[in-house]
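To start, the structure itself, in structure tokens.
The sequence lines fix the lettering, A, B, ..., with proteins before strands; numbering per chain opens at 1. These values consider heavy atoms only, across backbone and side chains, with no hydrogens, waters or symmetry-generated copies.
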Amino acid sequence: MSKNLVIVESPAKAKTIENYLGADFTVKSSFGHVRDLPEHDMGVDVENNFMPIYEISADKVKVVNELRKLAKEAEEVWLATDDDREGEAISWHLKEALGLPDNTKRIVFREITKTALKNAIGKPRLIDIDLVNAQQARRILDRLVGYELSPVLWKKIRIGKSSLSAGRVQSVAVRIIVEREREIDAFQSKSSFKVTARFDLGQGKVLNAELPKNFETEADALAFLERCLGATFTIKNLETKPAKKTPAPPFTTSTLQQEASRKLSFSVSQTMTVAQKLYEAGKISYMRTDSTNLSEEAMGKAKEQISKEYGTHYHHQRVFKTKSESAQEAHEAIRPTDFSTQVASKDRNEQRLYELIWKRAIASQMADAQLERTTATVGISSTREELIAQGEVIKFDGFLKVYLESSDEEGDEEQKGMLPPLNIGQVLALSDLKATERFTRHAPRYTEASLVKKLEEMGIGRPSTYAPTISTIQKRGYVVKEDREGQQRTFKELTLQDNQIKSKVSSENYGSEKSKLFPTSTGMIVNDFLVSNFQDIIDYSFTASVEKDFDNIADGKIPWQTMIERFYKGFHGKVAEAQEQKIDRSLTSRDLGEDPVTGKKVSVRVGKYGPYVQIGDVEDEEKPKFASLLKGQLMETITFEEAMELFKLPREVGFFEDQALVVNIGKYGPYVKHDGKFYSLATTDDPMAVTEERLIDIIQEKRQADSSRTIREYDENPNAKVLNGKYGPYISFGKRNIKIPKGTEPASLTYEDILKLAEGTEEKPAKAKAPARKPAAKKTKK
DNA sequence: CAGTGAGCGAGCTTCCGCTTGACTT
């Protein structure tokens with residue numbers, strides 16, 4: 001056993017550090033936090049100065065036991081968790097859990113290099129209890145908010161099949177999505193006419209120019225074209241200005257998620273999983289960071305690589321200031337551990353992400369790109385308006401040699417090309433002059449990654465929680481990530497060509513969405529409830545204001561209990577008030593009108609399985625009719641006409657193999673039922689309009705897919721099959737899935753073999769919760 | 001999984017922020 005035990009948070013980091021520190025040091029990791037408030041209880045004694053109750057987390061018992069043993073054997077323990085609020089708290093919890101003395105040495109370093117480590121070891125300090133208290137305040141505030149608000153939702157809004165929840169971070173994330181959707185719903189598109197001209201310069205060269213301002217009406221656009229009939233077009237002015245482009249800083253968690261989403265179409269969680277693999281393989285630095293900082297050593301290595309690969313004039317050292325105010329900067333920016341490594345993995349996605357990280361980090365240490373922007377003004381003999389043509393020439397590519405950041409704006413950033421050679425006074429031959437109707441666009445819906453960006457800008461959430469937050473709001477049923485088909489619309493186009501003006505009407509698809517976040521009715525209802533009852537908690541500035549308090553606690557200016565007390569007084573009062581309120585049914589239902597046939601009331605409500613329309617009342621003699629809403633329809637916005645359409649389901653859409661094809665919509669979306677089996681419709685199929693041919697296709701496709709997965713079937717039992725799954729072959733036996741023992745050839749399994757293998761396994765219950773069992777359990781208690 | 005949805009009401013759910021595997025079909 002070595003003399004020194006060093007404890008860090010991550011095992012990969014432990015391994016690296018051990019190599020640097022030598023034989024006298026054993027380096028172990030805590031795997032993050034080891035103690036926390038209890039999961040199934042508030043764990044905060046509100047009556048007793050908010051005293052928290054901590055317990056060793058279930059999955060950390062083993063780690064803690066091992067560390068306790070090693071700590072006893074060691075002469076000296078060094079707490080080397082991250083240099084931020086959470087890291088300080090982890091050290092304190094370790095000290096408490098391992099029974100270490102108060103003077104245990106605490107060391108910090110922000111980059112893993114030999115010098116940084118030596119410096120840290122030479123300058124140990126004690127645990128900063130003020131900083132720990134700031135973390136405790138953060139933890140307790142989040143617990144109070146989350147565990148008091150969520151039960152209010154359970155009591156006041158019982159909808160959806162998943163349990164509802166609220167919290168400082170997730171509720172704001174949902175609010176952002178809901179408000180954007182409402183903004184889009186209220187958006188009125190305006191059309192205008194954009195004028196573009198094409199000139200033929202001969203020898204295959206073309207000049208494209210446009211009018212700087214659009215015309216608001218077709219009449220204005222037409223009048224302009226008429227004025228241009230027979231006009232002469234001349235280059236009136238040429239202006240050239242130097243310009244430059246500067247590289248973006250190296251990646252933080254949030255910017256990595258955004259770029260991987262735009263350039264590689266990765267989901268936020270996929271990015272993190274792939275990055276974790278690269279980190280564990282030692283290929284990149286830590287991937288959960290809010291810092292854009294590179295270590296001196298890293299900048300030196302980047303310089304070497306750039307000079308070697310592109311020449312020294314491509315290098316330009318840059319130190320980036322971190323933008324975000326909430327940044328805690330315990331780590332470096334995300335960068336390759338070795339800049340000379342360009343191939344880091346055989347896995348395609350790992351390699352693609354690595355390349356992105358490598359390029360971005362390298363580019364951040366490269367020279368600006370030098371450009372030349374040329375603006376040509378085209379005068380028109382018959383009118384005072386002028387056309388403008390713009391071009392760009394790259395004089396020195398600099399960092400553009402390796403990397404260009406992409407943008408969220410759709411299609412706006414067309415690459416400007418070079419202008420052909422032009423002279424002032426040159427007369428241009430017009431090929432055509434067009435006025436095309438264009439429409440203003442609503443603000444874009446959020447993607448996972450652009451929501452992360454927004455949250456980060458608002459200082460809400462941390463690098464380690466962006467991905468989990470995004471998945472929580474989807475799991476709770478507040479938000480769905482979907483593709484939506486666009487709609488057709490027509491637009492007008494006026495063309496002046498060969499001294500004639502022609503008008504044409506064309507159609508285009510607009511508003512289609514891919515992998516965007518949409519609020520559900522549940523999300524909107526819960527959001528509205530929270531906004532009207534807990535305005536300040538889900539206010540966009542709430543986190544920022546409590547962060548100021550946490551800073552004051554960390555600076556020793558106020559005791560954490562004072563801050564929590566002050567907050568809790570007002571907050572708990574509002575919780576109590578909301579509990580007293582009658583359930584507001586208008587939140588979860590809306591009247592649409594009367595059925596013209598029966599005169600019965602038509603209303604839309606949100607039930608256990610989502611929003612649905614109901615005709616009639618449960619008290620009526622005749623049972624009410626129900627129909628679920630389609631994807632994309634919301635309780636808040638559905639119209640009476642759309643609602644009545646739904647009652648055309650279930651529809652019988654023809655026959656196949658002597659059985660009817662019935663289209664309906666279930667809990668999990670639209671499906672076609674045929675011969676007692678269910679086949680899901682694709683998201684692009686409209687259940688109201690899908691044809692017989694298409695349905696037969698769907699059935700045959702599904703059968704084809706199933707049969708290609710089947711390795712063996714059994715006459716004795718149609719429910720027993722050997723199938724090929726994502727992770728290799730397995731046995732599907734009724735509702736059970738059984739592992740195939742190692743060394744067994746799946747195709748050789750007989751039915752008897754399967755029965756034997758099934759013996760030891762338990763039948764999986766259809767639903768995890770067996771409702772009949774619970775009351776019985778209570779009886780025994782009594 | 002897929003012919004629910006109200007209300008009755010037992011007993012359940014839940015937060016944010018640090019970390020990795022275990023598990024899946």
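Using a 4.0 Å cut-off, no side-chain N or O of Ser150(A) falls inside it from OP1 or OP2 of dC15(B). Of the side-chain N and O atoms in Thr465(A), none sit less than 4.0 angstrom from OP1 or OP2 of dC16(B). OP1 and OP2 of dG17(B) both lie 4.0 Å or more from every side-chain N or O belonging to Gln135(A). At the phosphate of dT13(B), OP1 or OP2 sits under 4.0 Å from a side-chain N or O atom of His40(A). The side chain of Ser30(A) places no N or O atom within less than 4.0 Å of a non-bridging phosphate oxygen (OP1 or OP2) of dC18(B). Between Tyr679(A) and dA2(B) there is no side-chain N or O to OP1 or OP2 distance below 4.0 Å. Between Ser10(A) and dT19(B) there is no side-chain N or O to OP1 or OP2 distance below 4.0 Å. Under 4.0 angstrom from either OP1 or OP2 of dC15(B) there lies at least one side-chain N or O belonging to Gln170(A). Distances shown here put a side-chain N or O of Arg476(A) below 4.0 Å from the OP1 or OP2 atom of dC15(B).
Defined by atom type and a distance below 3.5 Å, a donor-acceptor pair is present between the side-chain atoms of His33(A) and Glu86(A). In this model, no donor atom of one side chain and acceptor atom of the other lie less than 3.5 Å apart for Ser285(A) and Tyr279(A). Side-chain contact of Ser165(A) with Arg476(A): a donor-acceptor pair under 3.5 Å is present, judged by distance alone. A side-chain donor-acceptor contact under 3.5 Å links Arg106(A) and Thr81(A). Side chains of Glu9(A) and Ser29(A): no donor on one and acceptor on the other come within 3.5 Å.
One atom, CG of Asp83(A), and another, P of dC18(B), lie 13 Å apart when rounded to the nearest Å. Here dG9(B) presents its P atom at 13 Å from NZ of Lys155(A), a figure rounded to the nearest Å. If you measure from atom CD of Glu148(A) to atom C1' of dC16(B), you get 16 Å, rounded to the nearest angstrom. When the C1' atom of dT20(B) is taken as reference, atom NZ of Lys15(A) falls 13 Å away, rounded to whole Å. For the pair Leu649(A) CG and dA2(B) P, the computed distance is 18 Å after rounding to whole Å. The distance between atom CG of Leu37(A) and atom P of dG17(B), rounded to the nearest whole Å, is 14 Å. When rounded to the nearest whole Å, the span between NZ of Lys60(A) and P of dG21(B) equals 11 Å. Taking atom CZ of residue Arg35(A) and atom C1' of nucleotide dC16(B), one finds them 18 Å apart after rounding to whole Å.
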Could you walk me through whether Tyr568(A) and Phe50(A) pass the ring-ring contact (aromatic ring centres under 6.0 Å, His included) test, one step at a time? CA-CA 10 Å; Tyr568(A) 188 71; Phe50(A) 301 94; 5.5 Å; yes
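Val169(A) comes within 4.0 angstrom of sugar-phosphate atoms only, judged by non-hydrogen atoms across all strands, and of no base. If you check every strand for non-hydrogen atoms under 4.0 Å, Gly87(A) touches nothing. Using a 4.0 Å heavy-atom distance criterion, Arg85(A) is classed as making no nucleic acid contact. Across all strands, Gly167(A) comes closer than 4.0 Å only to sugar-phosphate atoms, never to a base (heavy-atom distances). Within the nucleic acid shown, Tyr466(A) has no heavy atom closer than 4.0 Å to any nucleic acid atom. Among the protein residues, Gln276(A) comes within range of the sugar-phosphate backbone only, with heavy atoms under 4.0 Å from sugar or phosphate atoms but none that close to a base. No contact: Thr543(A) has no heavy atom under 4.0 Å from any strand.
Residues Pro38(A) and Arg143(A) share a closest heavy-atom pair of O-NH1, 2.8 Å.
One P atom belongs to dC18(B), the other to dA22(B), and the distance between them is 24 Å to the nearest Å. Nucleotides dG17(B) and dT13(B), compared at atom P, are 22 Å apart to the nearest Å. Straight-line distance between the P atoms of dC23(B) and dT19(B): roughly 23 Å, to the nearest whole Å. Here the separation of dT20(B) from dT24(B), taken at their P atoms, is 23 Å to the nearest Å.
Mapping Asp41(A) and Ile90(A) onto DNA chain B by nearest heavy atom places Asp41(A) at the nucleotide closer to the 5' end. Of the residues near DNA chain B, Ala166(A) and His33(A), the one whose nearest nucleotide (by heavy atom distance) lies more toward the 5' end is Ala166(A).
Taking the ring centre of Phe542(A) as origin, the terminal cationic atom of Arg168(A) falls outside the region bounded by 6.0 Å and 45° from the ring axis.
By the 5.5 angstrom centroid cut-off and the 30-degree plane limit, Tyr612(A) is classified as not stacked against the base of dG5(B). Both stacking criteria are satisfied for Tyr147(A) over the base of dT14(B): a centre-to-centre distance under 5.5 angstrom and an angle between ring planes under 30 degrees. No aromatic stack links Phe31(A) and the base of dT20(B), using centre distance under 5.5 Å and interplanar angle under 30°.
Judged by distance alone with a 3.5 Å cut-off, no donor-acceptor contact links the side chain of Arg462(A) to the base of dC18(B). For Arg143(A) against dC16(B), a side-chain-to-base donor-acceptor contact under 3.5 Å is absent.
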